[in-house]
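Read the structure below first, then the notes.
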Amino acid sequence: MSSYKDLDIYNMSLELFYQVHSASLKLPKYELYELGSQLRRSSDSVVTNIVEGYGRKAYKAEFVRFLTFSWSSCLETVNHLEKIDYLYNNVIDDIKNLIERYKGLSAKIFSFIKYVEQNWKT
């Protein structure tokens, strides 16, 4: 692996970020800067923390720390999407699929954290 761009979790999270960002703009105007903003920030945090952690990969503990931030932001994003699905049913197309994809990403990030903890050489 020569770049964070070689990580599946990076590519998945970036693709999901782009989808969630544009989808969040479909929320009612009064939610754009509340729940919509929280959703955009948590989704961005997933991918950004992977990149920042990779930049610290020479230090296993730091890498794991930022991957953990990414994982927790992924869980937060699922929570925001579930709230939006409940409060604004049918505003975001295929929101259930987005939720399931974020849950899958969460599992992959968690597995990668375990891999780094057990196998990463610094």
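Everything numeric here is computed off the predicted structure, so don't read it as measured data.
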Please list, chain by chain and in numerical order, all residues satisfying salt bridge (charged side-chain N to carboxylate O under 4.0 Å, His left out) with K96, sequence neighbours excluded. D85

What residues, two or more places apart in sequence or in another chain, satisfy side-chain hydrogen bond (donor to acceptor under 3.5 Å, both in side chains) together with N119? none

Donor-acceptor pairs under 3.5 angstrom involving side-chain atoms of residues 57-69: please list them, not counting sequence neighbours.
from, atom 1, to, atom 2, distance (Å)
K60, NZ, E117, O, 3.1
E62, OE1, R56, NH1, 2.8
E62, OE1, R65, NH1, 3.3
E62, OE2, R65, NH1, 3.3
T68, OG1, V64, O, 2.8

For the NZ atom of K103 and the CG atom of L75, what is their distance to the nearest 0.5 Å? 10.5 Å

Nearest-0.5 Å distance, CG of residue L39 to OG of residue S24: 5.5 Å

Is there a side-chain contact between V20 and L98 (heavy atoms, below 4.5 Å)? yes

With a 6.0 Å cut-off (strictly less than), is the heavy-atom count around NZ of K5, excluding the residue itself, greater than 12? no

With sequence neighbours left out, what residues match D8 under side-chain hydrogen bond (donor to acceptor under 3.5 Å, both in side chains)? none

Closer than 3.5 angstrom, by distance alone: can the side chain of S43 be matched with the main-chain N or O of R40 as a donor-acceptor pair? no

Using side-chain heavy atoms (C-beta onward) and a distance below 4.5 Å, is L7 in contact with F112? yes

Taking side chain as C-beta onward, heavy atoms only, is L16 less than 4.5 Å from V46? no

Test of understanding: with side chain to side chain contact (heavy atoms under 4.5 Å, CB included), list the residues that count as partners of S45, not counting sequence neighbours. N49, S73

Within the 4.5 Å heavy-atom criterion, are V78 and S106 side-chain neighbours or not? no

S2 meets the side chain to side chain contact (heavy atoms under 4.5 Å, CB included) criterion, sequence neighbours left out, with D6

Here the gap from R41 atom CZ to T77 atom OG1, rounded to the nearest 0.5 Å, amounts to 11.0 Å

Atom pair OG/CD1 of S13 and I109 - distance to nearest 0.5 Å: 6.0 Å

Drop me the distance from L27's CG to I92's CD1, to the nearest 0.5 angstrom. 5.0 Å

Quick test of your reading: applying salt bridge (Lys or Arg N to Asp or Glu O under 4.0 Å), list the pairs with at least one residue in residues 24-38, sequence neighbours left out, ordered by first then second residue. K26-D93

Can you list the residues that meet the side-chain hydrogen bond (donor to acceptor under 3.5 Å, both in side chains) rule with S72, with sequence neighbours excluded? none

Just to verify, what does E15 make a side chain to side chain contact (heavy atoms under 4.5 Å, CB included) with, not counting sequence neighbours? Q19, R101

Return each pair, listed once, that meets ring-ring contact (aromatic ring centres under 6.0 Å, His included) where at least one residue sits in residues 74-110; pairs must be two or more places apart or across chains. W71-F110

Hits for ring pair (Phe, Tyr, Trp, His ring centres under 6.0 Å) against Y54, two or more places apart or cross-chain, chain-then-number order -> none

Could you give all pairs that pass the salt bridge (Lys or Arg N to Asp or Glu O under 4.0 Å) test and reach residues 104-113, with sequence neighbours left out? none

Nearest-0.5 Å distance that lies between atom OH in Y10 and atom CG in L105: 13.0 Å

